[in-house]
Amino acid sequence: MLLLKSKRFNIDVVIKLLILTGFSLFFFMTIKTGKVNQFVHPRIVPYMKFTIVAMLLISLFILRDVFKPQRNKVNYYQYLFFIIPLIMAFCLPAVDMNSASMSYSGTKPLAQTIENTKDTSSLKADNSSAASSQNSDTPVQNDAESENTGLKLHGDTIAMDDNFIMWVQEISDNPSKYIGKAVTVTAFVFKDKTFKSNEFVAARLMMVCCAADLSPAGLLAHYDKASELKQDSWFKFSGKIENGEFSGQQMPVIKIAKAEKVSKPKEEYVYPY
Amino acid sequence: MKIQIDVVTGFLDSGKTTYINQTLRDYSISGKKTVVLQFEYGEIDVDNRLTENIIIEKLNKGKQFDCEYIKEIIKKYNPQRIIIEYNGMKPINALFEVFEERTVRKRCSINYIVNTIDAATFEIFMNNMGSMFIEQISNSDIIVLNKTDGISIDKLDSIKKTIKTLNVSADIVNKSQEKKLEKIKSEDKFLFVILSMVAIYFIIAILRGVDFVSIESDLSWMKTFNTVFLSILMQAFPFILIGVFVSSFLQVCISDETFVRIFPRKMGFGFIVAILAGFLFPVCDCAIVPVASRLIKKGVPVPVAITFMLSAPLVNPVVIASTLYAFQGQPYIALLRVSTGIAIAIAVGISFIFFPEEKSIIKSGSDKLSCGCEYCNGDMQKRKGLSGKFGMIFNHAGAEFFQVGKYVIAGAFLSSIFQVAVPKDIFNNLFGRNVVALIVMMLAAFVFSVCSTSDAFIARTFTNQFPTGAIMGFLILGPMIDIKNMLMLLSSFRKGFVIKLVLFIFTFAFVLLYFQMLMLSFFM
C-alpha cells in the first residue's frame, strides 16, 4: 500500500504506461509467433503494427510526466477496463475455434453459405436464409468471370486445397462443369443434427475479419462410413463430384472414396478474399 | 525528508483559516516546524499561540508567488511543513506549476489539497464563478463543507452529488463530522481488486496443474470468449488511435474561433456547411459532443450544430474507411450508412427549427468545454512551437484513448458474450421478424456505446444473426446517440433538452431505417 501513496511517482502515469506497453507487447508477440492468424485476418496485421508504434510513441510522451505529482483526481477503476483484457490476453491462450464455438445458424449446408453471399437475393425479409448467409461477399468472382478464375486442375483432379473458397464457389456455381471430376480436399468433419447419417460437410473455417465472425464453409459430402467420423476431426478426403440434393435443393456433392486421417494444417483458416 | 505542503483553498469566508487552525492544533503536537503562508486573510486570524513551531508569513501585495519566493521561505525558516492558505480567486494550476519546478520539487512534495466550501453559498458561486470553482473542487483531495447547519438534507445531498461528479475520489467532510484523514483511498481499493484477480488466476492455474479436469473444460468457453473478445479489440484499437490522433490534432492546432467562423449563421446554408464540415473535420463521435457544445456556446444556431453533431461521426472518412473494410465487397453498406445518416441528421436538425427550445439549453454553471483531460486545462497551453504542439497532440491523444477506449472495450466485451454465450437458435425464432430485429440492433447500438470509428467491426459480428436492414440500424444509430454520448451531452446541456434530442433521434432514425429495410428487401 505504501507504493501507491508514493509521491515520487505519478501513479496515474505509471498505470497508463503499463497498459500501453502491455498491449504493444501483446500485439508484438502475437504477430511474432504467428498466433495473430488465430485472431484476425492477415490484412489487419499492418494496422496492428501501426498500433504498436503509436502506443509506444504515446508512452514516450507520457513518460515525461512520470515524476510529476498528480494534479487531477483520477478514478482508478476506469483502468480496469484495460487491465482485465490485458490480463486475459496474456493468461489465456488463443484457442482453436471449432464447430461448438461458432457463430452461425448451422441448419443449412454450408456451400449454400458461400452461395448466398454472392447472391444478393438472400437479403430477403425471410431471416432464416439471411441468417447463414452474411459471411462475406465475393469481390472478385461474378458469373461472367468464372471462366477466368485461374483455378487449375491437377490432371483431372480438383485439388481444393489450392484455393478452398474459390473452388467451393466455382463448383457450386457451375456444377455441370465438374460432375464426374475427381477431387481431393483437406478439411474437418462438420455434422449438423439435421444431416442424415451419411451426410457431412467437408469444411474449413472461413474468416472475414476476425475470430468473431468465423464460419464453417465447404461442400456437402456423402460417405457411407460418415457416422464413424468424429465431429471436428481432420481428414484428407478423396472422392468424386456428383449431383446430389439437400433439403429439396439440387447441389453438387462429393462422394467420398477415401478418408485419410491427418493432423490439423498449420494454415487452418481460409479467407474469401 | 521532503517538506510536506498542504494547500488550503477556497473562497473568502469559506472557512480556510478555521480549518488551518484546526490542523495546526494537530501539527503542533507532532512538533513539526510549520510555516503558514497566507495569500489572503479574512476576519479570523491564524492561531499563533505556539509561536515556536508555527510561523506565519503573509504574502504582500507586491510579492510574486513563484519558485524564488518558495526557496526564500525554505531558506529562511527551514520548515518541515508548509501550509498554504491559497487565494480562491487564483487558479490552482499556477500553484502546481511552482511546485513542479525541478529544484522546488526536490525539496517539497504536495501532501493534501483541501478545499473549503461554504454550503450556503455553494449554488451562487457555482453559477457565477463556474470554472474557478470547479477547478478547485476537481483538484482537491479533501473537500470541507462548512456552515451546513442551516441547510436541508436534500440540498446537502445535491451539493455532495454535484461535487462527486466533478471529483470522484475526493473525500467530502462535513464540518460537524470527524473524519479520519487516513481513510482507505481509492487507489488502495483498486490495488486490492487487482490483487484478488491475480490471486484467482493463480489458484486456477495451480488447480489446472494438479490436473483438475473439470476446471479445464469449464474454462474452454472462457478461452473461446477470450479469443473472440481480443480479436475485436485487435481490429478496433488501430482505428481508435487514428481517431484520437486526428481529434487531438484538431483540438490542439485549430482554435475554437476558426471552427465557429466556418459555420454561417443562416439556416439553410448552415446545414450544408454542417454536413461538409463533417467530411473535412474528421471527428469521432466521442469528440463530437464537446465540439458541438462549443459551437452552440459560440452562437452557432442549435439546429445547425445538431445536424453537425449527428452527421459528422458518419461522414467521417475514417468511419467510412472502417465500414468499407469491415464489410469488404459490400460498399453499399458504407454508402447507405452515410446517406441515410445524413438524412436523419437533417431531419432532426430541421425538427428543432419547428420545435425550438425556448430556454437556453446550456446547463447552468457548466463550463466544462474541454474534453476533461489535463492537457486541455492548465499550463499545457504554454507550450508553443512545433515540438511543443507535437507533444501536446500525443499527450492529448493518449488521454483521449483512455477516455474512449473503455467504451469500446466494454462494447466488445458485451458483444463477445452475446456471440459466445447466447444460443444461436434464439435468433432464428425470436428475431426473425424484421421490426424486432431492427429495434434490437438500435438498442444494442445505444447500449454498447462503441466509438464510430470501430463499430463497423462489432456490427460485422452480428451479420450471422441479423438481417442487413437491422444491422444498418446499429451502424447508423450508434454514432449519433448512445449512452456515452448521452452522458456527455448531459454534462453540458439541460436534461430536458437532451431527452428531447434523444427522442427525436430515435423516432426519425426508426422511421427512416424501417423504410430503408423495406427497400433493401425489395430490391435485393
A:Ser59 portion near chain B, given a 4.5 angstrom heavy-atom threshold: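 Interface part for A:Ser59: neither.
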
Sequence-distant partners of B:Phe229, ring-ring contact (aromatic ring centres under 6.0 Å, His included), two or more places apart: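 B:Phe229 satisfies ring-ring contact (aromatic ring centres under 6.0 Å, His included) with B:Phe225, B:Phe413 only.
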
Pairing residues for A:Phe82 by the ring-ring contact (aromatic ring centres under 6.0 Å, His included) criterion, not counting sequence neighbours: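 Listed in chain order: B:Phe401, B:Phe402.
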
Sub-4.5 Å side-chain heavy-atom contact between A:Ile58 and B:Leu241: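 Yes, at least one pair of side-chain atoms sits under 4.5 Å.
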
Side chain to side chain, B:Met234 and A:Phe26, heavy atoms closer than 4.5 Å: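 B:Met234 vs A:Phe26: side chains touch.
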
Whether over 12 other heavy atoms sit under 6.0 Å from A:Phe28 CZ: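 Result for CZ/A:Phe28: open.
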
Contacts of residues 47-57 of chain A with chain B (heavy atom under 4.5 Å):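 So far as heavy atoms go, A:Tyr47, A:Met48, A:Phe50, A:Thr51, A:Ala54, A:Met55, A:Leu57 are the residues that approach chain B to under 4.5 Å.
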
For the student: nearest non-hydrogen atoms of B:Leu233 and A:Pro85, plus distance: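 Reported closest heavy-atom pair: CD1-CB, 4.0 Å.
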
Considering all heavy atoms, the nearest A:Ala89-B:Asn226 contact: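 Closest heavy-atom pair between A:Ala89 and B:Asn226: N-OD1, 4.2 Å.
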
Results of side chain to side chain donor-acceptor pair (under 3.5 Å) for B:Glu101 - residues two or more places apart only: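 Expected list: B:Thr103.
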
From CG (B:Leu230) to CZ (A:Phe23), nearest 0.5 Å: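 The distance works out to 7.5 Å.
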
